[in-house]
Amino acid sequence: MRKIIEIARREYIDTVKTKTFLISLLFTPILIVGIGFFTSRISQVEGGRPPVRVAVTDLTTQLASQIEAAMGKHNQSNPKRQIIFESLPARDDTNAVEEQGRKQLRSGKADAYIVIDQNIIDGAGRTHVYTYKSKPTMLDATWAVEEFIRNAVVAQRCKVQNVSQKLLDDIRNVSIERVEIGETGNEQHVQSRGQTTVKMMVPFFFMFMIYMGILGIGQQMLSSVIEEKNSRIIEMLLSAVSPFELMAGKILGLGAIGLTIIGLWTAVSYGPILWQGISVDITGKLLFCFVVYYILGFLFFSALLAAIGSVCNTLKETQEFMRPVVLILIFPMIAWFKLVQSPDGVFARVLSLVPPISPLVMPLRISAGSNVSNFEILASIVLLVMAIFLMMWLAGKIFRTGILMYGKRPSLREIYRWLRAS
Amino acid sequence: MDALELNSVCKTFGQVRAVDNLTAKIPAGSIYGFLGPNGAGKTTTLRMIMNIIRPDAGNISVFGNNLTEQAKSHIGYMPEERGLYRKMTVRGILAFFGALKGLTSSELSRVVPSWLKRIELSDRANKKVEDLSRGMHQKLQFAATIINEPDLLILDEPFSGLDPLNLDLIKGIILDMRDKGKTVIFSTHDMHGAETLCDYILLINKGKIILDGKLGDIRSQKASNAVIVEVEGETGFIKTLPIVTNVVQQKDTLEITLGKGTDPQDLLKAIVGKVRVRKFEVKRPSLHEIFVTLVGASNAENY
């Protein structure tokens, strides 16, 4: 036992001293603080794009000037994101002018071509917005122009119907405010769009931290095993400890590092979140599950990675084995939104029970507000622990033989034979 | 009890028989040299003793038992490859391996400085392994192997690449260990070094044993009845002496082969007075010569 601790201690101290550790330790908190800081300012980001040219064929002949005026105003307040108006009036032949419009699109002379039906004021017609190979950068312009057209049409309809535009606006103006109340009396924080977004991200954040904690440290496991193999220090180690003690020590040491990193990240991000006034419901249950699932998930994957590292001679060789491992871990990450939306749905419940993925899914479910029964959590943990025992046994066998093999990487069939022997 | 016993140990790698039916007994408290050319199977044998490789056939017992995890604290193994944690300090390495071998922290606080002094690295105690020269690195690894003064020392090529001073240092420590009752096995192809150190030798070639026994016995068995003399004067008459069967001369040094059963003293009597004798040495074959003869012969056999 002491030997395992000794090996864990060395692994911990040596890893902490490396530059990669410091970088990965600092990178994420800086990212989080950055996001927390700029949440309220994201909408003010001034990015420019080349002017978008919009050609308009106004068959009503009544709206074009209004639209042009609106665009002019837009351009004044958004000098870096301009919209350029060009009128393509239809003289006699509607088809001819539409043909011309399309030609302009195809030749690149216009980015969007708009045709406003004649009877749109009556409500029968519509506005057609034509694009050719539209680019994502144009999106804000397209939305803006649609807004201008809508305003122009509404204004015109009001005129025709003899309805005061102002009256209409007042009637339609409904102001809604989202407020999170605090612990005491009248404490409350008005939520902006950005803050609600961050709140929605919290479950993802938990899942992401477990993911990073497992994969990031996992990389360290791989490189540590391979380095010990390559420098042949493994022979000196094995003259003093057993392969199992070695593997266990590494898992313990790296696990401690993972906990250190995650602990720090959580502490760091709690600050900005509180400061922004977002109250996140971190129950004791959530914290407990988070820690337990991280530890269990880490145990499972680090054993697997120790085994993978033991049969490879370079980090490059590990890539082939790592592909399925990363896929397994990424899968719940990709499905996270669906899981957050219905955390008690069948999909989420099943995934939170399936062993290698459960460490990522269950904390997500809980932080998304699902009131998971303790029984379900217990069942999930039991399954996970069983899987861990199995993985440790397999990994131990592979590690024991693999670390002393050099030369060609053993095939999967050979590895299978190791498992069957002894 | 023998410290180590190998019984009909075999190991094959693909087509090559690296170790072929090796049987040997290493008595406790001796210095046993594993000699042999490159690729003879020395390292493979040592690895099998440490259970790093498993033999295909035969068995190995250490202190009367199979190698167990507990036994490991009584054995020190220095592998052929000089691997250590590059970023650790000299002191750190000794403390780490000492702890792995079961030394308590109070023992370590005493033992680590004393070993640092012994391998003359006290002033570099805080240097990182990657900053050490080759010789220092090797001494450090040696010390890490031996730090808990185990009863059985297995050293794979401990002298390779060492300068004469460090060589003597390591040899001194090995002799010290033997005097304390420890058993030392080491592999080498440095014959001169082995000669001065070993009590017993095991000569391996192509996985087979070609010589095994006490060094002294082997050398007297292989005595070739030759005498080396260095003389001043006219030497032509020597080859005409009846007791002389052959003379090989190089400048002033003559290697004189005597007939069977001749006492070298008779040669001395025969030449004194006729020449000035500067050197008269009854030749015992060096390990180097024994090696070359036997290995050459066994290579020839196998072709």
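No hydrogens, no waters, no symmetry mates; every other heavy atom, side chains included, goes into these values.
- Between the OG atom in A/S239 and the CD1 atom in B/I49 there is a gap of 13.0 Å [rounded to 0.5 Å].
- Scanning both residues, B/F96 and A/E6, for their nearest heavy atoms gives CE1-O, 3.7 Å.
- To the nearest 0.5 Å, atoms CD1 (A/I4) and CG (B/L100) are separated by 11.0 Å.
- Judged purely by atom type and a 3.5 angstrom limit, B/K101 has no side-chain atom pairing as donor or acceptor with the backbone of A/A240.
- Shown here for B/I52 and A/L404, the closest heavy-atom pair between the two residues is O-CD1, 3.4 Å.
- Surrounding CZ of B/F63 are more than 12 heavy atoms belonging to other residues, nucleotides or ligands, all under 6.0 Å away.
- Residue B/F13 places its CZ atom among more than 12 non-hydrogen atoms of other residues, nucleotides or ligands, all under 6.0 Å distant.
- Taking 4.5 Å as the limit, every side-chain heavy atom of B/K87 sits out of range of all side-chain heavy atoms of A/T18.
- Interatomic distance, A/N230 CG to B/E81 CD, rounded to the nearest 0.5 Å: 10.5 Å.
- Salt-bridge annotation for B/E80 and A/R232: absent, with no side-chain N of the basic residue lying under 4.0 Å from a carboxylate O of the acidic one.
- B/F97 touches chain A through its side chain: at least one heavy atom from C-beta onward sits under 4.5 Å away, while N, CA, C and O do not.
- When each of A/E228, A/K17, A/R9, A/E245 is scored by its heavy-atom pairs under 4.5 Å with chain B, the top score falls to A/E228.
- Side chains of A/R10 and B/M88 form a contact here, defined as non-hydrogen atoms less than 4.5 Å apart.
- Contact record, A/E235 with B/P79: OE1-CB, 3.2 Å, taken as the closest heavy-atom pair.
- Within the model, atoms OG1 of B/T104 and CZ of A/R2 stand 7.0 Å from one another, a figure rounded to the nearest 0.5 Å.
- Distance alone, capped at 3.5 Å, is enough to place a donor-acceptor pair between the B/K72 side chain and the A/L238 backbone.
- Looking at A/I7, the atoms closer than 4.5 Å to chain B (heavy atoms on both sides) sit in the backbone and in the side chain alike.
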